[in-house]
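Below, read A as the first sequence line, B as the second, and so on, with proteins coming before strands; counting in each chain starts at 1.
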Amino acid sequence: MDEKYFPEKIENKWQQHWEQTKAFEATEDDPRPKFYCLEMLPYPSGFLHMGHVRNYAIGDALAWYKRLQGFNVMHPIGWDSFGQPAEQAAIKRGINPRDWTEENIAHMRGQMKRLGISYDWSREIAAHRPDYYKWDQWFFLKMFERGLAYKKKSPVNWCPKESTVLSNEQSSGGVCWRCGAEVEKRDLEQWFLRITEYAEQLVGDIKQIETSWPEKVLKRQSDWVGRSEGAYIDFAVRDSDRKIRVFTTRIDTIFGATALVLSAEHPLIEELLPASALKNHVMAFAAKVIAGKAARDRADEEAEKEGINTGVLAINPFSGETIPVWVANYVLMEYGSGAVMSVPAHDERDFEFAQKYSLPIRRVIERISHEQESIPHDATSEDQSIAMQHAFTDEGILVNSGDWSGKLSKDAIREMASYAETHGFGQTAVTYRIRDWGISRQRFWGAPVPIIYCEDCGMVPVPEKDLPVRLPERAEFTGSGESPLAGVADFVNTTCPKCNRPARRDTDTMDTFVDSSWYFFRYCDPRNEKAAFDPAIASKWTPVDQYIGGDSHAVMHLIYTRFWTKVMRDLGLVSFDEPVKRLLTQGMVTNRIEGTDEWKAMSKSLGNGVDPDEMVQAFGADAARLFVLFAAPVENELRWSESGIEGAVRFLRRVYTMVWRWQERLSNDAPATANDESSAAARALRRKTHQTIAKVTNDFEELHLNTIVAALMELFNEVSAFEVQPNTASDSDVFALREALESIVLMLAPISPHAAEEMWEHLGHSGGLLNSGSWPLADAALAKREELEIPIQVNGKLRSRVLVAPDVTEEELRTAALNDEKIRAFIDGHEVVKVIVVPQRLVNIVIR
RNA sequence: GCCGGAGUGGCGAAAUUGGUAUACGCACCAGACUCAAAAUCUGGCGAGGUCAAACUCAUGUCGGUUCGAGUCCGACCUCCGGCACCA
């Protein structure tokens, strides 16, 4: 009798309906408030995995929720379609990367549609198409004009397996972010984007988003930028007019400096040393360190500290003391000034180094002791013979520091820096760890760098009118390390835009993170042929209201896109600093490795992958999506479970069957309003309905999607327990029931939209949820309880409960508690010391 | 090593400001239906204790604050993630 729940039939029906009615296409002239809901665009590998499904299920839930709330929602999708795998496929199987990519896109688009994700397909974009990468090139030229894109020869991170350069972000930890191969250093001419120019803003603007981005992501970004305040100090060199500049954050420890240490790459080593056997020795040591560095970069363990005394002497500008200059392997040329003052007593690394080479360790900072009445002075800590086990790296109070003794570190840091500044041997400074973004890749499948080299005119940017610089149809994939484009004569050979003589094109392509740094602006105006986007149109949609993706991009994509936005702002294209108002980083989807107890991210190589298509076929897209959202909080790891998804199907089936059973009574002659003679059960159901609406609405705002599903199940359980029959139910019962069921269907729509549409129709509504539906509103009066069950504690232990009216006074509640039979048994014969009454909540009776 | 985050039933997990710990689901057990099974429905399900109750114990460990602690404070243990000589 009951109609069965056939997901396939329902899902096909509504996917067609949505497509035919262009249900999810957003327009700018819609007067309603906008909501830009964005998921990270996928690489078209060919197949969706469950991580994608989770990402899109979350995004789609929010998009639907906002639509039902009356927002004009833009929910676009596209393809991050440049990159290695297409090229690998070309090398291995002789396929054209373009064909491979387009086929993959077609297949994945089908998978997304079968999942019923509510994308606005009219805005679809793909990075590998000339109408997109033209604007990558345009942005590059704008940056080039402003000096934000520049070329330099420098040691770069080289992945030997993939024969290409990687950015610092992509070779974090000394291994390739994609293939895990150990990264080498190579000297190459490379294009860089001056992200360091924006280092301060990348840290400073964090305060604009700190409440709405995960703390974890912001911390990693802030660590990556590595802002550090300190001072440069110049040490004069004895018998020379040269100076050695060091960077320190602890100028207050300068009286404890017992050596200066230069990095092996420091240019002054060569200059300072007179030709001698010692010099040969030092230079040889430096060369050895440089050679060993690349290898050490990828070693897990830190190398043992090694150094050599150069025999050169430097003069401490504060104390006038003469100290030796060393070269050592633990000082980095890339940071600060490539030289440090060594203060063994107050820096762990210097301490370790000093111990190894028996350099003096001089304590100049004392802990501020609370027991100690007087400020410690030089005499008390004169005894340096007390063996130190560790450096004392905290701030404290200065001792043995001449006129500065007795000052607090934090004051001394400020005052000594300004002293150095006024006396011309130093300046306060801020340094950053972040390096410029190397974007040259020796690859075919990317956006060509729009630069031409002319023998007479030098480096000439391609004029804007000549964009895009198109990729050739084919290239030889030699794997030699040189870009495949270099072998395509038609591509390389061109004429100089300035002098019209023969010239050559740059043969590198850009990092694919360039494509993804601004793609969501293109969605706003995806077919614009005159500009990357019309700023007026983009300003209607951006910034992105909600961005959803994995946290693996915390310091790559997400820092690049923040940088890009700031550049676009400076180009006058956008008017804000931060592109994304709110960020959600979803957890991984894991599955058990067969035969073990280990849960690992799904992957082909581990054999623990689950195919979304098979899930949809077996259980339906609605159940798959419901399970994915229900099984864990969005930011947690999600453990795959076949029986979990079966549970999701059961729930949908139960709701569906219930709607079917009641549809005739509900859609034909359901009463329009509740009447006053509602049964207690009907009132209870209405109460639960309105409580659930309030909870679900709040949970959507806070992105607690798993508890939304739980709340809907709870409400449905009450509906199931509501013992009335379609043919005998009173009007007021029917009203309560219809209200509950319609609320469930509406609130289920963001999670399992096909089933919700179908049930909405069965409930007597035509035209689909988006037209006739709207998000239910909670009525606080109806949600209020008629009776409260108040727990009564004796000495903090639960002993009884009493039923009272919700408007009970404190005094009444207190009396009710003390007169409760069970409670009397506990308190008889004891002295009641205190009665704590928490209104509406609980009573605690303290006895002795 | 440093910096984050997290430890709650057999499992995924819930729990406004400190106020009924274990909602919801999975698994499991029992019953109904069935010749039988599956599906479905009903009930049970932290541990100890009891015929049943009462009661006792329980949110990683130990301590503290409080009338009252999963939640706050201190110390420790374990796991996960990030960074790795950044001066």
Secondary-structure string, 5' to 3', Watson-Crick or G-U under 3.5 Å, | for another-strand partners, for RNA chain B
(((((((..(((......[....))).(((((.......))))).(((......)))..(((((..]....))))))))))))....
Protein-nucleotide distance ([X], atom [atom1]; [N], atom [atom2]), rounded to Å:
X	N	atom1	atom2	value
I206(A)	G4(B)	CD1	P	15 Å
H346(A)	A87(B)	NE2	P	17 Å
K822(A)	U20(B)	NZ	P	17 Å
I708(A)	G25(B)	CD1	P	16 Å
L748(A)	C24(B)	CG	C1'	15 Å
F235(A)	A87(B)	CZ	C1'	12 Å
I823(A)	U20(B)	CD1	P	15 Å
F651(A)	C26(B)	CZ	C1'	15 Å

Show the distances under 3.5 angstrom between N or O atoms of the protein and N or O atoms of nucleotides 64-67 of chain B.
{"residue": "C67(B)", "atom": "O2'", "partner": "N844(A)", "partner atom": "ND2", "Å": "3.2"}
{"residue": "C67(B)", "atom": "O2", "partner": "N844(A)", "partner atom": "ND2", "Å": "2.6"}

Using a cut-off of strictly less than 4.0 Å between a heavy atom of the residue and any atom of RNA chain B, enumerate the qualifying residues of residues 219-230 of chain A by number.
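Listed by number, they are K219(A), R220(A), S228(A).
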Residues in residues 429-437 of chain A with a heavy atom under 4.0 Å of RNA chain B, by number, are R433(A)
Mind checking the [atom1] distance from [N] to [M]? Whole angstroms is fine.
N	M	atom1	value
G1(B)	G64(B)	P	30 Å
G60(B)	A13(B)	P	15 Å
G68(B)	U20(B)	P	15 Å
A69(B)	A58(B)	P	11 Å
A6(B)	C57(B)	P	29 Å
U56(B)	A38(B)	P	42 Å
C45(B)	C24(B)	C1'	15 Å
U50(B)	C33(B)	P	34 Å

Can you check each nucleotide of nucleotides 10-18 of chain B against protein heavy atoms at under 4.0 Å and return B for base, S for sugar-phosphate only, - for none, in 5' to 3' order?
--BSS-BB-
From the options [options], select the nucleotide whose nearest atom is closest to the side chain of [X].
X	options	value
E714(A)	A23(B), A87(B), U40(B)	A23(B)
R650(A)	A23(B), U40(B), G25(B)	U40(B)
E789(A)	A87(B), A39(B), U20(B)	U20(B)
Y330(A)	C26(B), C85(B), U20(B)	C85(B)
V838(A)	G25(B), G19(B), A87(B)	G19(B)

If only side-chain N and O atoms of K797(A) are considered, is one of them under 4.0 Å from the OP1 or OP2 phosphate oxygen of C57(B)?
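For C57(B), OP1 or OP2 has a side-chain N or O of K797(A) closer than 4.0 Å.
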Could you check whether any side-chain N or O of [X] sits under 3.5 Å from a backbone N or O of [Y], counting only pairs where one atom can act as donor and the other as acceptor?
X	Y	answer
N329(A)	E304(A)	yes
N608(A)	N591(A)	yes
H266(A)	A339(A)	no
D436(A)	I195(A)	yes
S337(A)	R245(A)	yes

Side chains of Y335(A) and T431(A) only: does a donor on one sit below 3.5 Å from an acceptor on the other?
yes
Regarding T809(A) and E811(A), do their side chains bring together a donor and an acceptor under 3.5 Å, going by distance alone?
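On atom types as modelled, these side chains do not qualify, holding no pair under 3.5 Å.
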So which one's nearest nucleotide on RNA chain B is more toward 5', L842(A) or T248(A)?
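Going by which nucleotide is closer to the 5' end, it is L842(A).
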G9(B) glycosidic torsion: syn (within 90° of 0) vs anti
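What G9(B) shows is a syn base, its glycosidic angle lying within 90° of 0.
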Is the Lys NZ or Arg CZ of R433(A) less than 6.0 Å from the centre of W224(A)'s six-membered ring, within 45° of the axis?
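The answer is yes; both the distance and angle limits are met.
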Cation-pi check for F353(A) against K305(A): NZ or CZ below 6.0 Å from the six-membered ring centre and within 45 degrees of the axis, yes or no?
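Not flagged: K305(A) not positioned over aromatic ring of F353(A).
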Any Lys/Arg nitrogen of K216(A) or D551(A) sitting under 4.0 Å from an Asp/Glu carboxylate oxygen of the other?
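Yes, charged N to carboxylate O under 4.0 Å.
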Please list, chain by chain and in numerical order, all residues satisfying salt bridge (Lys or Arg N to Asp or Glu O under 4.0 Å) with E831(A), sequence neighbours excluded.
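Salt bridge (Lys or Arg N to Asp or Glu O under 4.0 Å) check on E831(A) returns R848(A).
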For [X], look at atom [atom1] and say whether over 12 heavy atoms of other residues, nucleotides or ligands are found less than 6.0 Å away.
X	atom1	answer
K356(A)	NZ	yes
E821(A)	CD	no
E637(A)	CD	yes

